[in-house]
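Working notes, structure below.
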Amino acid sequence: MDELQKIDILSLDREELAAEITAMGEKAFRAKQIYDWLHVKKISDFSQMSNISAQFREELSKKFCLKQLIIKKKLVSAIDNTVKYLYGLPDGEAVETVLMEYKHGNSLCISTQVGCRMGCRFCASTIAGFVRHLLPSEMLLQIYETERDSGRHVDSIVLMGIGEPLDNYDNVLKFLSLLNSEGDGMSLRHISLSTCGVVNRIYDLAELKTGLTLSISLHAATDERRSEIMPINRKFHLDELMKACRYYFEQTGRRISFEYSLIEGVNDTEQSAQELINLLGGFNCHVNLIPINEIRERDFRKSRSVERFRKRLCDAGLNATVRRTLGADINAACGQLRRDGGLNNADNKQTTGGEL
Ligand code: SAH
């Protein structure tokens, strides 16, 4: 059978795996052992399951596929240990994953889709459009493969790579539950999900009352300006988005983080700061200011007023910080590495301190 037509074993939760294994005539404890090999020991081949008989391993490999990612490109920062991976997927597509080091541990930024259909004007991930959703296994493997390759333990996850996680809602939720239930299960408090503002899904997520941190990519505080740079705003206006954010906070008690990428002359003026203060004033939240990453396909420029903007917000009582730039020497805007990788057909590992 074609590998890709077999059951994707890494995307099965404990119950689903147990049902498959017992249907093959094995006892339920086998499923536990197999789950442990897959999600705790994180093996990459059925042959490594040493407490499973060779005959049953053979049966497993006929029925299931154990997906793997291939490192197509790897960039290591000479400044701060940031590592960017371009991972090849089983069907030949590719996504980006970034490993960052903070005082509190290692954080991994993972992708949730190949491409994106949200169309944000400043974002490289969306330029070539949407290709497909990532499977739960393909999100997990970004963690497993990065831990294997780097020898570093991933302590927290941000869903902030390529794609809109709430546009791949079911697979993302399955991924989170797998992550949460594996042997040394990661608490959802160590996971942040970033969205451009898919309002109906924010309500769905709120109902689950998890400890997940929600980040909203805001980037503008009036409908007119936001709709110009983020098409999602034409579907869900700011008042609806803010209502959903308040509801999320009420239901979960988790403070929302608003991402605001500063673009010279577009959203970094005194007036823009005032609009942001008007929108968020009085709401218990955090504002993350990010100097925009310039991408060559668009003519947005990095703001020169980041500090002044931050001070203006703080003076008005907002909790605003400027995101620390990591991996400045391997600085590729979100989705840029995949585009370059595709164009150059790069299949080599690289260590570089220079430009992409
Ligand atoms: N689709 C999700 C998550 C992926 S994008 C979302 O929109 O939140 C992750 C973050 O990077 C978002 O805040 C997005 O707006 C931001 N981003 C995209 N392109 C960027 C760029 N060129 N410079 C700075 N931030 C960018």
Side-chain angles (χ1 to χ4, degrees), residues 1-72 85-95 97 108 110-114 131-154 157 159 163 168-186 188 191 347 349:
M1 202 201 302
D2 181 341
E3 275 302 302
L4 294 181
Q5 285 171 351
K6 295 179 186 174
I7 300 171
D8 174 18
I9 196 165
L10 275 174
S11 289
L12 301 180
D13 62 25
R14 286 182 187 280
E15 291 71 37
E16 290 165 338
L17 185 66
E20 292 288 348
I21 298 300
T22 47
M24 291 168 84
E26 282 285 337
K27 298 244 164 55
F29 80 90
R30 280 270 173 258
K32 265 187 152 164
Q33 289 177 323
I34 293 168
Y35 197 89
D36 197 55
W37 282 114
L38 296 172
H39 297 286
V40 181
K41 300 194 184 80
K42 302 173 185 171
I43 48 105
S44 53
D45 195 285
F46 289 113
S47 65
Q48 293 167 284
M49 297 181 171
S50 56
N51 58 1
I52 310 283
S53 73
Q55 192 198 335
F56 193 55
R57 288 195 316 245
E58 178 69 22
E59 281 180 48
L60 287 175
S61 65
K62 281 193 188 130
K63 182 162 181 175
F64 302 103
C65 64
L66 180 46
K67 290 187 194 294
Q68 284 187 60
L69 303 183
I70 304 158
I71 300 174
K72 291 186 85 175
Y85 293 94
L86 180 69
Y87 281 126
L89 301 165
D91 63 353
E93 295 294 342
V95 289
T97 307
L108 194 67
I110 72 162
S111 295
T112 55
Q113 295 177 318
V114 181
V131 180
R132 69 171 174 87
H133 295 308
L134 288 190
L135 298 166
S137 59
E138 293 168 325
M139 293 180 243
L140 277 177
L141 280 168
Q142 292 174 62
I143 307 170
Y144 296 178
E145 193 51 52
T146 300
E147 288 190 331
R148 253 197 297 269
D149 179 73
S150 67
R152 286 153 64 180
H153 182 262
V154 170
I157 309 274
L159 303 184
N168 185 14
Y169 189 77
D170 292 342
N171 285 339
V172 164
L173 278 197
K174 183 81 176 288
F175 157 71
L176 293 177
S177 81
L178 286 165
L179 198 57
N180 198 220
S181 77
E182 65 175 75
D184 54 354
M186 185 183 286
L188 295 188
I191 303 174
D347 58 1
K349 286 192 183 188

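Because the structure is a prediction, the values reported are computed rather than measured.
- A pairwise comparison of heavy atoms in Asn171 and Leu135 identifies ND2-CA, 4.1 Å as the closest pair.
- Remark: Glu26 CD to Ser53 OG distance equals 6.5 Å, nearest 0.5 Å.
- In terms of heavy-atom proximity, Glu147 sits nearest to Val154 at OE2-N, 2.8 Å.
- For the pair Asn51/Trp37, a side-chain contact is recorded, criterion being any heavy-atom separation below 4.5 Å from C-beta on.
- Side-chain contact between Leu69 and Thr97 is absent, with no heavy atoms from C-beta onward closer than 4.5 Å.
- Interatomic distance, Ile110 CD1 to Met139 CE, rounded to the nearest 0.5 Å: 6.5 Å.
- For the residue pair Ala31 and Leu17, the shortest heavy atom distance occurs at O-CD2, 3.5 Å.
- For the pair Gly92 and Lys72, the tightest heavy-atom approach, listed with the atom from each and the gap, is O-NZ, 4.3 Å.
- In this view, Glu59 and Met24, Gln55, Phe56 satisfy the side chain to side chain contact (heavy atoms under 4.5 Å, CB included) rule, not counting sequence neighbours.
- A distance-only check finds no donor-acceptor pair linking the side chain of Arg14 to the backbone of Tyr35 [under 3.5 Å].
- You'll find the side chain of Glu145 stays beyond 4.5 Å of the side chain of Tyr85, heavy atoms only.
- A donor-acceptor contact shorter than 3.5 Å links the side chain of Lys6 to the backbone of Ser61.
- In terms of the side-chain hydrogen bond (donor to acceptor under 3.5 Å, both in side chains) criterion, residue partners of Ser47 (sequence neighbours excluded) are, by chain and number, Asp45.
- Of the possible polar contacts, one joining the Gln142 side chain to the Ser111 backbone as a donor-acceptor pair under 3.5 Å is found.
- Counting heavy atoms from C-beta on, the side chains of Leu134 and Leu89 come closer than 4.5 Å.
- Taking NE2 of His39 as the reference point, atom CD1 of Ile143 lies at 11.0 Å (rounded to 0.5 Å).
- Of all the heavy atoms in Ile9 and Leu66, the pair that sits closest is CG2-CD1, 4.0 Å.
- At a cut-off of 3.5 Å, with distance as the only test, a side-chain donor of Thr146 or Tyr87 sits close to an acceptor on the other residue.
- For the atom pair CG of Leu10 and CG of Leu141, the computed distance is 5.0 Å after rounding to the nearest 0.5 Å.
- Atom-to-atom distance recorded for Leu38:CG and Gln48:CD is 10.5 Å, nearest 0.5 angstrom.
- Heavy atoms only, all atoms of each residue included: Pro136 and Leu178 are closest at CB-CD1, 4.0 Å.
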For the pair Leu188 and Leu179, evaluate side chain to side chain contact (heavy atoms under 4.5 Å, CB included) and give the outcome as yes or no after the intermediate values.
-> CA-CA 9 Å; Leu188 295 188; Leu179 198 57; 5.7 Å; no
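- Taking the side chain as every heavy atom from C-beta outward, Glu138 and Val95 never approach each other to under 4.5 Å.
- Among residues two or more places apart in sequence or in another chain, the salt bridge (Lys or Arg N to Asp or Glu O under 4.0 Å) test is passed with Arg152 by Glu101.
- Checking Leu159, Asn168, Asn180 one by one against Phe175, the side chain to side chain contact (heavy atoms under 4.5 Å, CB included) holds for a single residue, Leu159.
- The side-chain hydrogen bond (donor to acceptor under 3.5 Å, both in side chains) test applied to Lys41 returns Asp36, not counting sequence neighbours.
- Scanning for side-chain hydrogen bond (donor to acceptor under 3.5 Å, both in side chains) contacts around Glu93 gives an empty result, with sequence neighbours left out.
- Applying the side chain to side chain contact (heavy atoms under 4.5 Å, CB included) rule to Asp170 yields no partners; only residues at least two apart in sequence or on another chain are considered.
- Taking CZ from Arg30 and NZ from Lys27, the interatomic distance works out to 9.0 Å, rounded to the nearest 0.5 Å.
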